[in-house]
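Here is the structure we will look at.
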There are 2 protein chains.
Amino acid sequence: MTRAGAKAVRAGYHHGDLRQALIDAAEAVLAEKGVGGFTLRECARRAGVSPAAPAHHFGNLTGLLTAIATLGFDGLSGAMDAAAEAATQAGGSRLRAIGEAYLATALARPGRFRVVFGQMGLNGEDPDFKQASARAFSILVRETRAELPQDQGEDDLFSRLPPSFAGDPDLAEILLVWSVTHGFTTLLLDGQLDFLAGTAGREALLKLHSERLVVLLISALRSSDPSA
Amino acid sequence: MTRAGAKAVRAGYHHGDLRQALIDAAEAVLAEKGVGGFTLRECARRAGVSPAAPAHHFGNLTGLLTAIATLGFDGLSGAMDAAAEAATQAGGSRLRAIGEAYLATALARPGRFRVVFGQMGLNGEDPDFKQASARAFSILVRETRAELPQDQGEDDLFSRLPPSFAGDPDLAEILLVWSVTHGFTTLLLDGQLDFLAGTAGREALLKLHSERLVVLLISALRSSDPSA
DNA sequence: ATCGGTATCTTGACGTCGTCAAGATTTATT
DNA sequence: AATAAATCTTGACGACGTCAAGATACCGAT
């Protein structure tokens, strides 16, 4: 037969790179049918492989989803880093840039974003996943601190990520930034703002986010009392 | 046999109030197993009824979930209204009160909250659901406007809810409030802040939310330019 | 070059799921 | 009391995730 799969050619009994093919198939399924129509068997079907094959690479459905979620976090991190760098080059606000990047990344791959934050069983103990998650959060921390009217240049603070955030004086501001960005993204993605998009259009909402919401947010950060 | 169900007694062939019994069972399942372990057959089992029985009251799984989501919105609305009223009595901030109420309601019934916002197929055309959703949003609009340094007392603005929010000058502030509240709630509920709760504890996070996050938010609102 | 071990994939099956069509049973209407 | 409507059951269908056992291909040691 030597039939060809959707992404990778199926040469013989072995696939070659089934792991990557399954991830590609999973992303395609998420893009087409959304998180509701996502199925492990469908992914196997698209990769031209039996329903039990994925188990050898991902263990179970949770394993595949965790791999996707890791990609999701990496995508967010990469987009935020790139946007921040570009903003510096262009002389714009870095925090505004990463907010736009967060939102744009989620809208570009809504299925992937929902796997990350959608509370479908992920393996939180997976080391790659944990690292990707921590990296994304560290970017948020770094950029939020850079926007605060204090501690400019104390780069050594950026490094102590894992240990005890509890008493961190900037924690409120960090969580505020994340909450606004994540909240708006989630509401938009889940169709909660559709009744607005009907008249305003999605682009208008994006514009509103980066030109008004983020501005309000930054003003709140700049006016926050450093001695609090 | 005349066996007794979990919630309502099963007298004969007919149930009596199967619709309510199914909703109760569904909430119990959500509370015990979360949204991942939710199953229509399990709900029917707990109500002491065959797997096909729910179809006559809810059509399908989507119908039952939509009913739950309607309860979820009503719960949010009721809690926010009550908290705002109580805040006025106590001389506190109404906006802070509804923020706490939103968060507390979600934490009290996380499964229900996830049905509302978790992007598991709901019937957005259901009239009860639409009304419950609109009511919750209208409360947010009302309280946000009350916090703005303008338009105090122009109650007629509150009434024009459905028609064209597009050019509303307060839209950015409204969405900011909703984004912060919803974003923080979602992050906390989905375990994204667990690495903080390990050292700080969940109560500390709640305290941080109402004492620092909401304060920052309100300061942003008060400083927002009315002529923007 | 061959052989044995191991990684990879298939086959077949199990239990569970949502849903449908058809029939049984109870309630409501006239 | 007879007929209509509402309610619930039975039985079945296809699809799902997962497992155990077997088939096939690769790979390093000899």
Side-chain angles (χ1 to χ4, degrees), chain A residues 1-26 29-30 32-68 115 120-123, chain B residues 1-26 29-30 32-68 115 120-123:
Chain A
M1 270 275 239
T2 69
R3 50 184 295 274
K7 269 302 203 288
V9 177
R10 183 73 183 283
Y13 195 92
H14 283 26
H15 185 285
D17 192 4
L18 180 56
R19 182 184 165 89
Q20 187 58 47
L22 283 172
I23 290 181
D24 292 344
V29 172
L30 283 173
E32 291 176 25
K33 316 196 174 183
V35 68
F38 183 83
T39 281
L40 190 58
R41 285 181 111 106
E42 169 81 10
C43 297
R45 229 173 279 133
R46 300 210 182 191
V49 112
S50 86
H56 297 273
H57 295 272
F58 298 100
N60 51 18
L61 175 60
T62 297
L64 177 53
L65 289 178
T66 302
I68 303 276
V115 170
M120 29 193 42
L122 303 183
N123 178 18
Chain B
M1 270 271 238
T2 69
R3 51 184 295 275
K7 268 299 200 294
V9 177
R10 184 76 183 283
Y13 195 92
H14 282 26
H15 185 285
D17 193 4
L18 179 57
R19 182 184 164 88
Q20 187 59 45
L22 283 171
I23 289 181
D24 293 343
V29 173
L30 283 172
E32 290 177 25
K33 315 198 174 180
V35 68
F38 183 83
T39 282
L40 189 58
R41 285 181 112 107
E42 170 82 11
C43 297
R45 230 173 278 134
R46 299 209 183 193
V49 111
S50 86
H56 298 274
H57 294 273
F58 298 100
N60 50 19
L61 175 60
T62 298
L64 176 54
L65 289 177
T66 302
I68 303 277
V115 170
M120 31 192 40
L122 303 182
N123 178 18

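Proteins get letters first, then strands, A, B, ... in listed order; numbering begins at 1 in each.
- The CZ-P distance, from A:Arg19 to C:dC9, rounds to 12 Å in whole Å.
- For D:dC16, one of the phosphate oxygens OP1 or OP2 lies less than 4.0 angstrom from a side-chain nitrogen or oxygen of A:Arg45.
- A 4.5 Å side-chain heavy-atom check between B:Phe58 and B:Asn123 finds every atom pair outside the cut-off.
- In this structure, the side-chain contact (heavy atoms from CB on, under 4.5 Å) partners of A:Leu122, at least two apart in sequence or on a different chain, are A:Leu65, A:Thr66, A:Ala69, A:Val115, A:Phe129.
- Between A:Met120 atom CE and D:dC16 atom C1' the separation is 14 Å, expressed in whole Å.
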B/S/- along nucleotides 20-25 of chain D (protein heavy atoms under 4.0 Å) is --BBBS
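- The backbone N or O of B:Gly16 sits nowhere less than 3.5 Å from a side-chain atom of B:His14 that would complete a donor-acceptor pair.
- Whole-Å rounding puts the A:Arg41 CZ to C:dA13 P distance at 14 Å.
- Distance CZ (B:Phe58) to P (C:dT19): 13 Å, rounded to an integer number of Å.
- Contact detail for B:His57 and B:Arg19: the closest heavy-atom pair is O-NH1, 3.5 Å.
- Among all heavy-atom pairs drawn from A:Ala67 and A:Ile23, the shortest one is CB-CD1, 4.3 Å.
- Distance NE2 (A:His57) to P (C:dA7): 12 Å, rounded to an integer number of Å.
- Nearest to the side-chain atoms of A:Thr39 among the listed nucleotides D:dA12, D:dC16, C:dT10 stands D:dC16.
- A straight line from CG of B:Leu18 to P of D:dC8 spans 5 Å, rounded to a whole angstrom.
- Closest non-hydrogen pair, A:Ala21 versus A:Ala47, comes out as CB-CB, 4.4 Å.
- For the helix from C:dA1-D:dT30 to C:dT30-D:dA1, the end axes, each set by the C1' atoms of five terminal pairs, are bent relative to each other by 10° (nearest 10°).
- Each of A:Gly59 and A:Glu42 was matched to the nucleotide of DNA chain D holding its nearest heavy atom; the match closer to the 5' end belongs to A:Glu42.
- For B:Gln20 and D:dT7, the CD to C1' distance is 17 Å, given to the nearest whole Å.
- Taking NE2 from B:His56 and CG from B:Leu22, the interatomic distance works out to 11.5 Å, rounded to the nearest 0.5 Å.
- Note that CG of B:Leu18 and SG of B:Cys43 are 10.5 Å apart. Values are rounded to the nearest 0.5 Å.
- Remark: B:Leu40 pairs with B:Pro54, B:Leu61, B:Leu64 by the side-chain contact (heavy atoms from CB on, under 4.5 Å) rule, at least two apart or across chains.
- Of the listed nucleotides (C:dT19, D:dT18, D:dC8), D:dC8 has the atom at the smallest distance from the side chain of B:Ala53.
- Going from atom NE2 of B:His15 over to atom P of C:dA24 covers 23 Å, rounded to whole Å.
- Remark: B:Ala55 pairs with no residue by the side-chain contact (heavy atoms from CB on, under 4.5 Å) rule, at least two apart or across chains.
- For the segment residues 61-68 of chain B, no residue has any heavy atom less than 4.0 angstrom from an atom of DNA chain D.
- Closest approach of A:Gly37 and A:Val29 over heavy atoms only: O-CG1, 4.0 Å.
- To the nearest 0.5 Å, the span separating CZ on B:Arg45 from OG on B:Ser50 amounts to 11.5 Å.
- Among the nucleotides D:dT18, C:dC9, D:dT9, the one closest to any side-chain atom of B:Ser50 is D:dT9.
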